[in-house]
Amino acid sequence: MAEFEPKIVCFACNWCTSAGADLAGTSRMEYQPNSVIIRVMCSSRVDPQHVLWAFKKGADGVFIGGCHPGDCHYQDGNYKTLRRIKLLKKLLGDFGIDPDRLRLEWVSAAEGKKFVNVMNEFTDHIRKLGKLELPENGGPPSGE
């Protein structure tokens, strides 16, 4: 039997994390190919419904990357993200989702190596958790 390969949705801030991922690519750094990167203008633009929708549609893990605190292109967007993620992690358990399946990291445009390390670490962590099995009636709302 083949080893489980997780599906990870990665929401990456346009100004920092996405640029860090681009730096990793142009520097020919390699990381596990389990993630799909969705570029957002700011980590604060990731609504909790986006995260719940990703899990409902088959993601085993969701990663959100933003600018370091104090470096947000939109001044305080990442502080809003931090508060929102803390609340969302508490809510995930109500839907039968381990809060460890959601990860928030600050990755700057100059941190291609950090992006690679974080994505590899998160992928390995989700692989250990196994496939996300949502309860039939307890999963996140459809949002469709």
Side-chain angles (χ1 to χ4, degrees), residues 1-26 29-69 71-109 111-144:
M1 180 180 213
E3 185 176 358
F4 163 69
E5 288 300 329
K7 296 175 188 167
I8 297 173
V9 173
C10 173
F11 294 101
C13 155
N14 180 65
W15 305 102
C16 286
T17 305
S18 182
D22 288 346
L23 175 61
T26 57
M29 297 177 198
E30 294 183 17
Y31 59 95
Q32 298 176 59
N34 298 72
S35 59
V36 173
I37 298 175
I38 299 171
R39 185 181 302 194
V40 293
M41 291 309 290
C42 179
S43 60
S44 69
R45 300 306 297 160
V46 180
D47 190 282
Q49 289 184 11
H50 297 135
V51 174
L52 296 173
W53 184 85
F55 283 128
K56 184 167 181 71
K57 293 299 182 179
D60 299 300
V62 175
F63 174 87
I64 299 173
C67 301
H68 287 274
D71 288 338
C72 180
H73 189 78
Y74 300 103
Q75 296 176 334
D76 63 352
N78 46 15
Y79 292 108
K80 291 176 185 174
T81 303
L82 181 60
R83 289 190 305 268
R84 186 177 292 152
I85 295 307
K86 285 181 179 182
L87 290 172
L88 182 55
K89 280 184 168 250
K90 291 179 182 178
L91 181 68
L92 288 177
D94 293 341
F95 293 125
I97 300 171
D98 184 338
D100 283 348
R101 291 183 180 273
L102 174 62
R103 182 164 177 175
L104 171 64
E105 283 286 337
W106 312 127
V107 180
S108 79
E111 294 179 311
K113 182 68 173 162
K114 179 179 181 180
F115 179 80
V116 168
N117 291 339
V118 166
M119 291 309 297
N120 284 335
E121 180 185 303
F122 187 55
T123 301
D124 289 342
H125 180 71
I126 297 299
R127 188 177 287 118
K128 288 175 187 166
L129 289 176
K131 182 162 182 56
L132 175 62
E133 301 289 341
L134 291 174
E136 297 233 355
N137 294 325
S142 68
E144 295 179 85

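- Contact between D124 and Q32 at its shortest, heavy atoms only, is OD1-NE2, 3.0 Å.
- Contact between L132 and D60 at its shortest, heavy atoms only, is N-OD1, 3.0 Å.
- Looking only at side-chain heavy atoms (C-beta outward), R101 and L92 stay at 4.5 Å or farther from each other.
- No side-chain heavy atom of K57 sits under 4.5 Å from any side-chain heavy atom of V9.
- Interatomic distance, CD of Q49 versus NZ of K56, reported as 12.5 Å (0.5 Å rounding).
- Put simply, the side chain of K89 gets close to the backbone of L102: a donor and an acceptor are under 3.5 Å apart.
- Remark: the backbone N or O of G61 is not paired with any side-chain donor or acceptor of R103 at under 3.5 angstrom.
- Residues W106 and L82 have side chains in contact (heavy-atom distance under 4.5 Å, counting atoms from C-beta outward).
- Using cut-offs of 30° and 60° for the angle between ring planes, the F115 and F63 rings count as perpendicular.
- C13 approaches G66 most closely through the heavy-atom pair CB-CA, 3.8 Å.
- The salt bridge (Lys or Arg N to Asp or Glu O under 4.0 Å) contacts involving residues 32-55 comprise D22-R39, where partners must be two or more places apart or lie in separate chains.
- Remark: A109 engages A19 in a side chain to side chain contact (heavy atoms under 4.5 Å, CB included) (not counting sequence neighbours).
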